[in-house]
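Data block below; observations after.
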Amino acid sequence: MTFGLPHFLIDPIIFDALKEDINEEDFSTNSVVDEDATGSVDLLAKEEGILAGLPVFERAFLLLDQRTKVSFFKKDGDSVEKGDKIATISGPLRALLTGERVALNFLQRMCGIATYTRQMALALENTNTQIADTRKTTPNFRLFAKYAVRIGGGTNHRYNLSDGVMLKDNHIAAAGSIENAVRLARRYTSFMKKIEVEVENMDMVKEAVAAKADIIMLDNMSREDMKSAVDYIAGRALVELSGNVTLENIKDYGDLGADIISSGSLTHSAPILDLSMKGLRHDPK
(Lines give C-alpha, C1' and ligand atoms only; values in the text may rest on other atoms or scores of the structure.)
Protein backbone atom coordinates (compact mmCIF):
# COMPACT_ATOMS: atom_id res chain seq x y z
CA MET A 1 0.00 0.00 0.00
CA THR A 2 1.14 3.56 -0.75
CA PHE A 3 -0.56 6.49 1.03
CA GLY A 4 -3.65 4.35 1.45
CA LEU A 5 -3.86 3.24 -2.19
CA PRO A 6 -3.12 -0.28 -3.46
CA HIS A 7 -0.08 -0.75 -5.64
CA PHE A 8 -2.17 -1.92 -8.58
CA LEU A 9 -3.47 1.64 -8.92
CA ILE A 10 -0.17 3.48 -8.75
CA ASP A 11 2.30 0.98 -10.22
CA PRO A 12 1.05 1.32 -13.83
CA ILE A 13 1.58 5.09 -13.68
CA ILE A 14 5.13 4.67 -12.41
CA PHE A 15 5.79 1.85 -14.89
CA ASP A 16 4.74 4.11 -17.76
CA ALA A 17 7.13 6.81 -16.58
CA LEU A 18 9.98 4.30 -16.31
CA LYS A 19 9.21 2.93 -19.79
CA GLU A 20 9.22 6.48 -21.17
CA ASP A 21 12.70 7.02 -19.72
CA ILE A 22 14.12 3.58 -20.56
CA ASN A 23 13.36 2.78 -24.17
CA GLU A 24 15.92 -0.01 -24.36
CA GLU A 25 18.41 0.25 -21.52
CA ASP A 26 20.29 2.89 -19.54
CA PHE A 27 23.47 3.01 -21.61
CA SER A 28 25.05 5.74 -19.45
CA THR A 29 24.78 3.69 -16.27
CA ASN A 30 25.31 0.23 -17.68
CA SER A 31 28.50 1.27 -19.45
CA VAL A 32 30.24 2.42 -16.25
CA VAL A 33 28.61 0.44 -13.41
CA ASP A 34 29.10 -3.30 -12.86
CA GLU A 35 25.91 -5.33 -12.62
CA ASP A 36 26.73 -6.54 -9.10
CA ALA A 37 27.87 -3.14 -7.72
CA THR A 38 25.96 -1.85 -4.68
CA GLY A 39 26.05 1.38 -2.75
CA SER A 40 23.99 4.28 -1.48
CA VAL A 41 23.10 7.90 -2.18
CA ASP A 42 21.33 10.65 -0.21
CA LEU A 43 18.18 12.56 -1.07
CA LEU A 44 18.67 16.22 -0.18
CA ALA A 45 16.49 19.33 -0.11
CA LYS A 46 17.88 22.30 -2.03
CA GLU A 47 15.18 24.71 -0.80
CA GLU A 48 12.51 24.89 1.88
CA GLY A 49 9.11 23.37 1.31
CA ILE A 50 6.62 20.62 2.18
CA LEU A 51 7.23 16.96 1.42
CA ALA A 52 4.69 14.88 -0.49
CA GLY A 53 5.17 11.70 -2.50
CA LEU A 54 7.92 9.92 -0.61
CA PRO A 55 6.20 6.51 -1.02
CA VAL A 56 5.98 7.13 -4.79
CA PHE A 57 9.66 8.03 -4.86
CA GLU A 58 10.48 4.77 -3.09
CA ARG A 59 8.20 2.72 -5.33
CA ALA A 60 10.01 3.88 -8.48
CA PHE A 61 13.20 2.22 -7.25
CA LEU A 62 11.48 -0.92 -5.99
CA LEU A 63 9.86 -1.50 -9.37
CA LEU A 64 13.31 -1.44 -10.93
CA ASP A 65 14.89 -3.69 -8.33
CA GLN A 66 13.24 -5.16 -5.22
CA ARG A 67 16.61 -5.18 -3.47
CA THR A 68 16.58 -1.39 -3.21
CA LYS A 69 16.03 0.03 0.27
CA VAL A 70 15.01 3.59 1.12
CA SER A 71 15.55 4.84 4.68
CA PHE A 72 13.52 7.98 5.33
CA PHE A 73 14.35 10.65 7.87
CA LYS A 74 11.23 12.67 7.06
CA LYS A 75 7.63 11.84 6.18
CA ASP A 76 4.99 13.32 3.90
CA GLY A 77 3.68 16.58 5.33
CA ASP A 78 6.96 17.48 7.02
CA SER A 79 8.64 20.76 6.19
CA VAL A 80 12.24 20.79 4.99
CA GLU A 81 14.94 23.42 4.83
CA LYS A 82 17.76 23.77 2.34
CA GLY A 83 20.39 21.12 3.03
CA ASP A 84 18.14 18.72 4.96
CA LYS A 85 18.76 15.03 4.34
CA ILE A 86 15.41 13.46 3.54
CA ALA A 87 16.42 9.86 2.84
CA THR A 88 19.21 7.46 1.98
CA ILE A 89 18.66 5.10 -0.94
CA SER A 90 20.77 1.94 -0.98
CA GLY A 91 21.04 -1.16 -3.10
CA PRO A 92 22.19 -2.05 -6.62
CA LEU A 93 23.87 1.03 -8.09
CA ARG A 94 22.33 0.46 -11.51
CA ALA A 95 18.82 0.76 -10.03
CA LEU A 96 19.77 3.87 -8.05
CA LEU A 97 21.14 5.66 -11.10
CA THR A 98 18.55 4.47 -13.59
CA GLY A 99 15.57 5.33 -11.38
CA GLU A 100 16.90 8.67 -10.17
CA ARG A 101 15.22 11.01 -12.66
CA VAL A 102 11.81 9.33 -12.70
CA ALA A 103 11.69 9.12 -8.90
CA LEU A 104 12.71 12.77 -8.55
CA ASN A 105 10.26 13.91 -11.23
CA PHE A 106 7.35 12.47 -9.26
CA LEU A 107 8.62 13.70 -5.90
CA GLN A 108 9.61 17.22 -6.93
CA ARG A 109 6.27 17.82 -8.62
CA MET A 110 4.25 16.47 -5.70
CA CYS A 111 6.29 18.45 -3.17
CA GLY A 112 5.82 21.58 -5.25
CA ILE A 113 2.04 21.14 -5.23
CA ALA A 114 1.99 20.48 -1.48
CA THR A 115 4.18 23.51 -0.81
CA TYR A 116 2.05 25.85 -2.92
CA THR A 117 -1.14 24.46 -1.39
CA ARG A 118 0.23 25.02 2.12
CA GLN A 119 0.93 28.65 1.25
CA MET A 120 -2.62 29.07 -0.07
CA ALA A 121 -4.11 27.37 2.98
CA LEU A 122 -2.12 29.60 5.33
CA ALA A 123 -3.50 32.64 3.51
CA LEU A 124 -6.99 31.45 4.54
CA GLU A 125 -6.12 30.93 8.21
CA ASN A 126 -8.70 32.27 10.65
CA THR A 127 -11.46 31.92 8.06
CA ASN A 128 -14.02 29.16 7.52
CA THR A 129 -13.04 28.85 3.86
CA GLN A 130 -11.17 25.84 2.44
CA ILE A 131 -8.85 25.87 -0.56
CA ALA A 132 -9.67 23.20 -3.15
CA ASP A 133 -8.08 21.92 -6.34
CA THR A 134 -9.73 21.36 -9.74
CA ARG A 135 -9.49 18.83 -12.57
CA LYS A 136 -6.85 20.98 -14.27
CA THR A 137 -4.15 18.39 -13.78
CA THR A 138 -1.43 16.85 -15.92
CA PRO A 139 -2.88 13.78 -17.68
CA ASN A 140 -2.27 10.55 -15.74
CA PHE A 141 -0.91 12.49 -12.75
CA ARG A 142 -4.21 13.37 -11.05
CA LEU A 143 -4.02 10.67 -8.38
CA PHE A 144 -0.67 12.04 -7.19
CA ALA A 145 -1.55 15.73 -7.62
CA LYS A 146 -4.71 15.50 -5.55
CA TYR A 147 -2.89 13.55 -2.86
CA ALA A 148 -0.27 16.32 -2.71
CA VAL A 149 -3.02 18.93 -2.34
CA ARG A 150 -4.36 17.08 0.71
CA ILE A 151 -0.88 16.81 2.19
CA GLY A 152 -0.49 20.58 1.75
CA GLY A 153 -3.65 21.28 3.72
CA GLY A 154 -6.12 21.68 0.86
CA THR A 155 -9.21 19.69 -0.04
CA ASN A 156 -10.14 17.92 -3.26
CA HIS A 157 -12.83 18.97 -5.69
CA ARG A 158 -14.23 16.26 -7.99
CA TYR A 159 -11.70 13.58 -8.79
CA ASN A 160 -13.30 12.95 -12.17
CA LEU A 161 -16.51 13.34 -14.15
CA SER A 162 -18.14 10.46 -12.30
CA ASP A 163 -17.60 12.06 -8.91
CA GLY A 164 -20.53 14.45 -9.00
CA VAL A 165 -22.61 16.74 -11.20
CA MET A 166 -21.15 20.12 -12.14
CA LEU A 167 -23.32 22.15 -14.50
CA LYS A 168 -21.20 24.72 -16.29
CA ASP A 169 -22.21 27.35 -18.84
CA ASN A 170 -22.33 24.94 -21.78
CA HIS A 171 -24.37 22.38 -19.83
CA ILE A 172 -26.84 25.12 -18.90
CA ALA A 173 -26.98 26.29 -22.51
CA ALA A 174 -27.66 22.73 -23.66
CA ALA A 175 -30.50 22.35 -21.13
CA GLY A 176 -31.95 25.78 -21.80
CA SER A 177 -31.87 27.06 -18.23
CA ILE A 178 -30.41 26.42 -14.79
CA GLU A 179 -33.78 25.22 -13.55
CA ASN A 180 -34.08 22.65 -16.32
CA ALA A 181 -30.44 21.56 -16.04
CA VAL A 182 -30.80 20.88 -12.31
CA ARG A 183 -34.15 19.11 -12.82
CA LEU A 184 -32.69 16.84 -15.51
CA ALA A 185 -29.57 16.11 -13.43
CA ARG A 186 -31.64 15.14 -10.39
CA ARG A 187 -33.80 12.85 -12.50
CA TYR A 188 -30.78 11.19 -14.16
CA THR A 189 -28.40 10.70 -11.23
CA SER A 190 -28.49 8.99 -7.87
CA PHE A 191 -29.58 10.93 -4.81
CA MET A 192 -26.00 10.38 -3.59
CA LYS A 193 -24.61 12.76 -6.25
CA LYS A 194 -24.38 16.42 -5.31
CA ILE A 195 -25.28 18.94 -7.97
CA GLU A 196 -23.16 22.05 -8.43
CA VAL A 197 -24.09 24.96 -10.68
CA GLU A 198 -21.64 27.50 -12.08
CA VAL A 199 -23.03 31.04 -12.15
CA GLU A 200 -21.70 34.36 -13.41
CA ASN A 201 -24.17 36.99 -12.15
CA MET A 202 -26.86 37.59 -9.54
CA ASP A 203 -29.72 36.52 -11.80
CA MET A 204 -28.07 33.13 -12.20
CA VAL A 205 -27.45 32.97 -8.44
CA LYS A 206 -31.15 33.45 -7.77
CA GLU A 207 -32.08 30.82 -10.34
CA ALA A 208 -29.63 28.31 -8.84
CA VAL A 209 -31.00 28.89 -5.35
CA ALA A 210 -34.58 28.47 -6.62
CA ALA A 211 -33.55 25.23 -8.33
CA LYS A 212 -32.13 23.98 -5.00
CA ALA A 213 -28.60 23.36 -6.24
CA ASP A 214 -26.41 21.76 -3.58
CA ILE A 215 -23.36 23.89 -4.43
CA ILE A 216 -23.21 27.22 -6.22
CA MET A 217 -19.94 28.26 -7.82
CA LEU A 218 -19.44 32.00 -8.26
CA ASP A 219 -17.22 32.12 -11.31
CA ASN A 220 -15.20 35.21 -12.24
CA MET A 221 -17.59 37.59 -10.52
CA SER A 222 -16.51 40.88 -9.00
CA ARG A 223 -15.71 40.97 -5.30
CA GLU A 224 -18.80 43.09 -4.66
CA ASP A 225 -21.08 40.69 -6.55
CA MET A 226 -19.54 37.70 -4.78
CA LYS A 227 -20.29 39.25 -1.41
CA SER A 228 -23.87 40.02 -2.47
CA ALA A 229 -24.26 36.45 -3.71
CA VAL A 230 -22.94 34.90 -0.48
CA ASP A 231 -25.35 37.05 1.53
CA TYR A 232 -28.26 36.12 -0.75
CA ILE A 233 -27.54 32.38 -0.68
CA ALA A 234 -27.39 32.58 3.11
CA GLY A 235 -26.57 28.93 3.72
CA ARG A 236 -29.14 27.49 1.34
CA ALA A 237 -26.28 25.95 -0.65
CA LEU A 238 -22.55 25.57 -0.26
CA VAL A 239 -20.74 28.47 -1.91
CA GLU A 240 -17.61 28.06 -4.00
CA LEU A 241 -15.57 30.97 -5.36
CA SER A 242 -13.51 30.42 -8.50
CA GLY A 243 -11.74 32.21 -11.31
CA ASN A 244 -8.03 32.96 -11.60
CA VAL A 245 -7.35 32.61 -7.87
CA THR A 246 -3.63 32.60 -7.08
CA LEU A 247 -1.39 33.00 -4.06
CA GLU A 248 -1.05 36.68 -4.93
CA ASN A 249 -4.77 37.46 -4.72
CA ILE A 250 -6.35 34.75 -2.55
CA LYS A 251 -6.54 37.01 0.51
CA ASP A 252 -8.93 39.24 -1.43
CA TYR A 253 -11.49 36.41 -1.27
CA GLY A 254 -10.91 35.00 2.20
CA ASP A 255 -13.28 37.31 4.05
CA LEU A 256 -16.31 36.89 1.77
CA GLY A 257 -17.80 34.01 3.75
CA ALA A 258 -17.61 31.32 1.07
CA ASP A 259 -17.24 27.66 2.01
CA ILE A 260 -14.67 26.84 -0.68
CA ILE A 261 -12.23 28.64 -2.93
CA SER A 262 -11.10 26.52 -5.85
CA SER A 263 -7.94 27.18 -7.80
CA GLY A 264 -6.50 25.36 -10.78
CA SER A 265 -3.14 26.97 -9.99
CA LEU A 266 -2.60 24.43 -7.19
CA THR A 267 -1.96 21.72 -9.74
CA HIS A 268 -1.13 23.48 -13.00
CA SER A 269 1.12 26.32 -11.82
CA ALA A 270 2.89 25.19 -8.66
CA PRO A 271 6.68 25.22 -9.18
CA ILE A 272 8.58 22.05 -8.36
CA LEU A 273 10.48 21.77 -5.10
CA ASP A 274 14.19 21.52 -5.86
CA LEU A 275 15.57 18.20 -4.58
CA SER A 276 18.59 16.17 -5.59
CA MET A 277 20.34 12.85 -5.03
CA LYS A 278 23.94 13.45 -4.03
CA GLY A 279 26.95 11.75 -2.48
CA LEU A 280 26.82 8.38 -4.21
CA ARG A 281 29.22 5.89 -2.66
CA HIS A 282 30.17 2.28 -3.39
CA ASP A 283 29.82 -0.48 -0.86
CA PRO A 284 33.17 -2.20 -0.18
CA LYS A 285 33.60 -5.47 -2.03
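One is the number of the first residue; the rest follow in order along the sequence.
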Looking at [X], I want to see if its [atom1] is surrounded by more than 12 non-hydrogen atoms of other residues, nucleotides or ligands under 6.0 Å.
| X | atom1 | value |
| --- | --- | --- |
| N244 | CG | no |
| N30 | CG | yes |
| N160 | CG | yes |
| D231 | CG | yes |
| E25 | CD | yes |

Student check: side-chain heavy atoms of [X] and [Y] closer than 4.5 Å:
| X | Y | value |
| --- | --- | --- |
| L143 | Y159 | yes |
| T134 | H157 | no |
| Q130 | L124 | no |
| L43 | L107 | yes |
| E200 | N220 | no |
| F57 | L104 | yes |
| D78 | I86 | no |
| V199 | I178 | yes |

Do D133 and K146 meet the salt-bridge criterion of a basic N to acidic O distance under 4.0 Å? yes

Straight-line distance of [X] [atom1] to [Y] [atom2], nearest 0.5 Å:
| X | Y | atom1 | atom2 | answer |
| --- | --- | --- | --- | --- |
| L161 | R135 | CG | CZ | 4.0 Å |
| M120 | I261 | CE | CD1 | 8.0 Å |
| I89 | T68 | CD1 | OG1 | 9.5 Å |
| D259 | N128 | CG | CG | 8.5 Å |
| L96 | S40 | CG | OG | 8.0 Å |
| K136 | H268 | NZ | NE2 | 5.0 Å |

Expected output: side-chain [X] to main-chain [Y] donor-acceptor under 3.5 Å:
| X | Y | result |
| --- | --- | --- |
| R67 | P92 | no |
| T129 | A258 | yes |
| D76 | L54 | yes |
| Q108 | I272 | no |
| D11 | F8 | no |
| Y116 | S265 | no |
| R109 | T267 | yes |
| R186 | R183 | no |
| R59 | A103 | no |
| T155 | A132 | no |

Stepwise, does the side chain to side chain contact (heavy atoms under 4.5 Å, CB included) test hold for L273 with V80? CA-CA 10 Å; L273 187 69; V80 291; 4.3 Å; yes

Side chain to side chain contact (heavy atoms under 4.5 Å, CB included) with N201: which residues, sequence neighbours excluded? D203, M204

Distance-minimising heavy-atom pair for [X] and [Y]:
| X | Y | result |
| --- | --- | --- |
| T127 | G254 | CG2-O, 3.4 Å |
| I195 | V182 | CD1-O, 4.1 Å |
| L64 | A95 | CD1-O, 3.8 Å |
| Y253 | R223 | N-NH1, 4.3 Å |
| K46 | K82 | O-CG, 3.4 Å |
| V230 | G257 | CG1-O, 3.8 Å |

Side chain to side chain contact (heavy atoms under 4.5 Å, CB included) for Y147 and I10? Distances and angles first, verdict last. CA-CA 12 Å; Y147 167 78; I10 70 163; over 6 Å; no

Is L247 reachable from I151 through a run of I, L, V, M, F, W or Y residues, each pair having side-chain heavy atoms under 4.5 Å apart?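 Same hydrophobic cluster.
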
No-hydrogen, no-angle side-chain donor-acceptor test under 3.5 Å, [X] and [Y]:
| X | Y | result |
| --- | --- | --- |
| E179 | S177 | no |
| N105 | R101 | yes |
| S262 | S242 | yes |

Let's go through S269 and T246 carefully: what are the C-alpha distance in whole Å and the side-chain angles of both, what is the deciding distance for side chain to side chain contact (heavy atoms under 4.5 Å, CB included) to 0.1 Å, and is it a yes or a no? CA-CA 9 Å; S269 295; T246 66; over 6 Å; no

Using 30° and 60° as the class limits, which term best fits the ring planes of F144 and F106: parallel, tilted or perpendicular? perpendicular

Passes side chain to side chain contact (heavy atoms under 4.5 Å, CB included), M166 versus M217? Steps please. CA-CA 9 Å; M166 186 171 175; M217 177 199 285; 2.7 Å; yes

